[in-house]
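Report on one structure; see the data block that follows.
Only heavy atoms go into these numbers, but all of them, side chains included; no hydrogens, no water, no symmetry mates.
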Amino acid sequence: MLHPDTLTTPTTLRSHGPAAVTPSDLENVVTNPATPEELALAFGLYVLGTIAIGAVVLAVSQSSVRRLETRIVERPVPTGVIGIGVLVGGGVAFAVVTATASYLVAAGVPASVGTGLEALALAFPIGLTVANTVGVIVLGSRLLRRIGRGPKPNLWLALAVGAITVNVLYLLPVVNVVTVVGLVAVATGAIASQWWHDRRESQSDSTPRERSADG
């Protein structure tokens with residue numbers, strides 16, 4: 001996330017020629033831009049990163065994104081509340097799994113066990129990234145509808161519009177926090193609610209078949 005106050009933080013990229021640039025220099029520019037040029041570079045990289053992740057999400061299933069958008073629009077508050085609950089529970093589980101892995105490794109348990117638990121713990125940050133990206137796409141879609149792009153705007157265009165809009169909002173103090181929490185909460189709630197809805201439907205569909213087989 002970009003922060004305006006990082007413009008005063010010095011970086012080493014400007015003091016070296018292009019041949020002396022290292023990955024750590026580039027990382028410092030991205031996380032702590034010190035000039036307008038470096039801020040523009042960091043902004044562009046964040047937008048491209050968001051679009052890249054969003055492209056994967058859309059490639060997997062655009063119809064799922066449409067259903068999540070409908071759920072968010074129709075029930076934003078309940079969906080957000082569910083999302084916050086899932087995030088709190090997921091955060092606690094993430095902390096427990098990480099602490100357990102560290103304790104087991106320190107206690108002499110084979111490192112593969114700890115590595116497996118740490119790999120399992122990666123599901124939480126990955127889930128946050130996916131949820132944030134879904135929120136970005138939904139926001140872009142809503143903005144496109146506002147300007148008259150039809151009831152079902154192109155999701156690829158929505159991804160680009162959402163990525164630029166969200167990363168602009170990330171530059172504003174307080175607004176950036178509200179944006180992150182809001183997007184991740186409603187998207188997480190929509191994903192959890194849709195999963196539960198699909199699960200119940202699959203169970204209800206299988207029950208009549210089981211009864212007919214018994215009969």
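Note on V47 and L58: same hydrophobic cluster, where clusters join Ile, Leu, Val, Met, Phe, Trp and Tyr whose side-chain heavy atoms are under 4.5 Å apart, directly or indirectly. Cluster membership for V86 and V184, using ILVMFWY side-chain heavy atoms within less than 4.5 angstrom, is not shared. Under the 4.5 Å side-chain contact rule for hydrophobic residues, Y103 and V97 share a cluster. Connection of I191 to I72 is established within a shared hydrophobic cluster, with ILVMFWY side chains joined at heavy-atom distances below 4.5 Å, either directly or through further cluster members. Under the 4.5 Å side-chain heavy-atom criterion for ILVMFWY residues, a single connected hydrophobic cluster contains both I147 and L157.
Taken to the nearest 0.5 Å, the CZ atom of F124 stands 10.0 Å off from the OG1 atom of T98. With rounding to the nearest 0.5 Å, the separation of CG in L139 from CG in L144 is 9.5 Å. From R66, atom CZ reaches atom CG of L68 across 12.0 Å, with rounding to the nearest 0.5 Å. Note that CG of L41 is 10.5 Å distant from OH of Y46, once rounded to the nearest 0.5 Å. The OG1 atom of T188 sits 11.0 Å away from the CD1 atom of I82 when rounded to the nearest 0.5 Å. Once rounded to the nearest 0.5 Å, the distance linking CG of L183 with CG of L169 reads 8.5 Å.
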Decide yes or no on side-chain contact (heavy atoms from CB on, under 4.5 Å) for L171 and L39, but give the supporting numbers first. CA-CA 10 Å; L171 294 171; L39 178 62; 4.1 Å; yes
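Between A187 and A131, the closest heavy-atom pair is CB-O, 3.0 Å.
The number of heavy-atom neighbours closer than 6.0 Å to CZ of R75, taken from other residues, nucleotides and ligands shown, is 12 or below.
For T133 (side chain) and T129 (main-chain N/O), a donor-acceptor pair under 3.5 Å exists by modelled atom type. Looking only at distances, a side-chain donor or acceptor of N167 sits under 3.5 Å from a matching main-chain atom of A163.
Checked options V166, I51, I53; the residue passing with V136 is V166 (criterion: side-chain contact (heavy atoms from CB on, under 4.5 Å)).
Taking 4.5 Å as the limit, every side-chain heavy atom of E69 sits out of range of all side-chain heavy atoms of I137. In this structure, the side chains of L128 and L87 come closer than 4.5 Å at one or more pairs of heavy atoms.
Counting Ile, Leu, Val, Met, Phe, Trp and Tyr side chains that sit under 4.5 Å apart, directly or through other members, V96 shares a hydrophobic cluster with V92.
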